[in-house]
Structures are given as C-alpha cells and as structure tokens.
Visitor: 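Below is the structure I would like to discuss, written out as structure tokens.
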Amino acid sequence: MEKLVYLDNAATTRVSKAALDAMLPFLGDSYGNPSSIYSVGRDAKAAIENARGIVAAAIGAQAGEIFFTGSGTEANNWALKSAVALRKDKGNHIITSAIEHPAVLKTAEYLQTQGCEVTYLGVDKFGQISLSELENAIREDTVLISIMTANNEIGTILPISEISKIAKARDVLLHTDAVQAAGSIPIDVAEMGVDMLTLSGHKLGAPKGVGVLFKKKNLKLLPPLIHGGGQEHGARSGTENVAGIAGLAAALNYRVSQLPQTKLAAKRDRLVAELLKIPRSALTGDPVNRLPGIASFVFEAIEGESMLLMLDHFGICGSSGSACSSGSLDPSHVLLAIGLPHEVAHGSLRLSLSEDTTDEEIDFVVEKLTGVVAKLRKMSPVWDGE
Ligand SMILES: *Cc1c(COP(=O)(O)O)cnc(C)c1O
C-alpha cells in the first residue's frame, strides 16, 4: 500500500524515538524482575524509579505521587472507585461531565449500580461546562468531581484550575483525565489544583498498555484495584511493565520539551481553514480553547463511516464519532452533548495531527476529502444543496 497519511493521533500514536531508545534495554539484556535483589533486577527497579522522577517533574508532581498502571482506562477506574471508597463516610455523590471518555463514564455508571449517585453536567456548543452549574451541583455528600482536561473527540480544553477553586472551597476531591492534554499542552498538577490525574502512554508517543495515576501525597494511599505482590507501594500489584514505563517517561519528557506546539497548531489552523471551505461544514469543539493537534468537523448529509472508508482508499487515517463502535448506529455521546442533531453528528470527522504531519500531507488531505465529500453528497438521497 502507499504511504499512510496518519491523522488519528488522538486514537494512538507511533512510538517516538525517545521512547524506543529508552525501552530497548529492557526488551533485551536488562530483563530482570524489578523485585529481585541481584543487579539486573536492581537495574530494572532503578529504571522504574528514574521514570517516576521524570514523569513527576514533567507534571509538577513529586515522585511519590506517581503510580504506574496498565492503561489510562485503569487509572480512571482506580481514581473514581478509590475516591468513593476513601470518602464513603462523607457520602457517595459524584459529579462528572457528559463528554468524558467511556473510561470515566462507564465507571461512573458502574458506581451507580453500587449505590452511588452521579450528576452528569451538560456542556455548551463548544463542549464547555458551566461553572455555576457545577457549583450548584455540589451537595453535602459530594465526594468527587471528575472532569477531563481536554476532550478526545472535539479537542476542547476545560478550565481545570477554575474547577479546582470550586472543588476546594467545598472540600470535594478533583480528578482529571489528562490523557489527551498531556504532551500537547502544559500540565502542572499544582497550578491545576487537582488531587488525581490520569495519563496514558500511547497517546503521547509511548507504547500501548501503560498509564499513570497521579495522586496528591496528602491524600491517603488509594485502595488498590489490583491485589497481589505489592508493587507500586502496595497500591497496584503486578510485575511492572519496565520497558513501557521507561518509554512513557521518555515520551512524555520529549513531548514536554517540544511545548508549546505552535507549529502544530498553525498546521491544524490551515487544515481547518481549508476544510471549512467545503459547503455546509462546521468545526466542532471550542474554536479557541482547543488542543493544538485536533481538527474536528461535521459535514452535512454525509455518513462518517463512508467518509472514513473512502479516505482509507487514499491511505488517509482519520476517525468519526459516528463509528458504530458497539454495533449500534448511535452517534457519539460527545457530539450529541454539544447539541448536534443526530443526522448532523453522523457526518463527523476527527483529524488529529502529530509533529510529523507535513504541509504536503495537509494539502493531500484537503484535496482528497473535498472530493470525497462532493462524491458522497452526489450519491446521498438527503443532500439537496449543491
Ligand atoms: C485514550 C483515552 C483514554 C484511555 O486510555 P487507554 O490507555 O487507551 O486505556 C482515556 N481518556 C481519554 C481522554 C483518552 O483519549
């Protein structure tokens, strides 16, 4: 097949050179178990502690506040479930938003089956929650607020430090899913004022299957989700993914060294400007407070799946919130939450860039996508325009 034009970096990323270099020793000669006392084991242990320090420094935390997990999903599960367990004497009410990743939403739904009450805050057309609505939603028995730092489908960045002021004033724990934000915009846990924060390796140039939960040190050790040999201070058992952990730290460190991603944002802006020349197209998400790499659209009278298949024919990888992920044809909960009618939400497309995205690739995508939209509309029974 021809060369891929990979514009789905919000789904996963290529492993960066920094990450690969950091990982290779632990896939080769340095294969010791970090819990063993001989030197090859101690080397692995040292690599994990080194990685912990790097991750901590990258987000303004202390090493003891960083816990490695098997994914961003696990970290989100752990944050929500353990906050509820830790604060059970205070109550069992959680506040989250309607546009969270399923790793938060489905965990919240599970907790509802266990007796928790959950408030799902709605969002405006840009994907922003209302701070006054948040304030009004807090009750005596509210134990946790979980709001993402930036959304994975529409790129909207949420005001976590503002949210934190409200949470702190009412003594409510704050967790944020920073999986999309980390490595794309600066993350500082003190400035953001969060108690817990989630990262995932494969969204920022590390391999799949490794994540992080930051937990502020004045918060008690979280009840484990996974029990066993007592790794991660007894909080998360299982022999560590040494290579993955080293890779995550190196990838994050590299990405942070490249901030701010002004060049990337300029490429995204050019892509957006060009694609909005397509009739009856619109940008989704916040036009200003958005991640530098995410361009997301809806095209009227288009079926997202068909668009993806036709783009794939040209080697272009994107994604659509209308993808029938669970065999259902419901459009994404995020696009419905920002108020798009079902039929419009079906024509969504997310193109997520990386620093490797070239101007030539952007030109190629603009040309091919403009053609694809025109062709699909010509075949569409619902297209009445020109
Ligand atoms: C990808 C993603 C996750 C899940 O992370 P995994 O490591 O793939 O489990 C959680 N939240 C957001 C916002 C994501 O984009």
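Because the structure is predicted, anything quoted here is derived from the model rather than measured.
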Visitor: Which residues satisfy the side chain to side chain donor-acceptor pair (under 3.5 Å) test with N151, sequence neighbours excluded?
Guide: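 N151 satisfies side chain to side chain donor-acceptor pair (under 3.5 Å) with no other residue.
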Visitor: Using distance alone, with no hydrogens and no angle criterion, decide if S97 and E100 have a side-chain donor and acceptor under 3.5 Å apart.
Guide: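 Yes.
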Visitor: Between the main-chain N or O of G155 and the side-chain N or O of R350, is there a donor-acceptor pair closer than 3.5 Å?
Guide: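 Side chain of R350 to backbone of G155, a donor-acceptor pair under 3.5 Å: no, none is there.
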Visitor: Can you tell me how far apart CZ (F364) and NZ (K3) are? Round to the nearest 0.5 Å.
Guide: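 Reported value, rounded in 0.5 Å steps: 9.0 Å.
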Visitor: Is it the case that K17 places NZ or CZ above or below the six-membered ring of Y254, under 6.0 angstrom from the centre and within 45 degrees of the axis?
Guide: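 No.
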Visitor: Please answer: with hydrophobic residues joined when any side-chain heavy atoms are less than 4.5 Å apart, are L221 and L225 in the same cluster?
Guide: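 Same hydrophobic cluster.
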Visitor: Report the C-alpha distance between V84 and L80 in whole Å, list the side-chain angles of each, state the deciding distance to 0.1 Å, and finish with yes or no for side chain to side chain contact (heavy atoms under 4.5 Å, CB included).
Guide: CA-CA 6 Å; V84 165; L80 267 67; 5.8 Å; no
Visitor: Out of curiosity, N33 CG to E240 CD, how far, rounded to the nearest 0.5 Å?
Guide: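 If I round to the nearest 0.5 Å, the distance is 7.0 Å.
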Visitor: Is the CG atom of N218 crowded by more than 12 outside heavy atoms at less than 6.0 Å?
Guide: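 Correct, the count exceeds 12.
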Visitor: Test your reading of the model: is there a side-chain donor-acceptor pair from W78 to the backbone of T73, 3.5 Å cut-off?
Guide: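 Not a single qualifying donor-acceptor pair exists.
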Visitor: Is the closest basic N to carboxylate O distance between K267 and E361 below 4.0 Å?
Guide: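 Judged by the 4.0 Å cut-off on N to carboxylate O distance, K267 and E361 do not form a salt bridge.
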Visitor: Do R139 and T119 meet the criterion of a side-chain donor-acceptor pair at a distance under 3.5 Å?
Guide: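 Side-chain D/A pair, R139 to T119: absent.
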Visitor: What about L121 and L336, same hydrophobic cluster or not, with Ile/Leu/Val/Met/Phe/Trp/Tyr joined at side-chain heavy-atom distances under 4.5 Å?
Guide: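 Hydrophobic grouping puts L121 apart from L336.
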Visitor: Are any of the side-chain nitrogens in K168 or D195 under 4.0 Å away from the carboxylate oxygens of its partner?
Guide: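 The answer is no: the pair does not qualify as a salt bridge.
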Visitor: Are D177 and T198 linked by a side-chain donor-acceptor pair shorter than 3.5 Å?
Guide: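 Absent: no donor and acceptor within the cut-off.
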Visitor: Checking T96 against S146: is there a side-chain donor and acceptor pair closer than 3.5 Å?
Guide: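 Absent: no donor and acceptor within the cut-off.
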Visitor: Regarding T142 and H93, do their side chains bring together a donor and an acceptor under 3.5 Å, going by distance alone?
Guide: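 A pair is found: one side chain offers a donor N or O, the other an acceptor, under 3.5 Å apart.
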Visitor: Is it true that a side-chain atom of E343 and a backbone atom of I302 form a donor plus acceptor pair closer than 3.5 Å?
Guide: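 Looks like no, no N/O pair under 3.5 Å.
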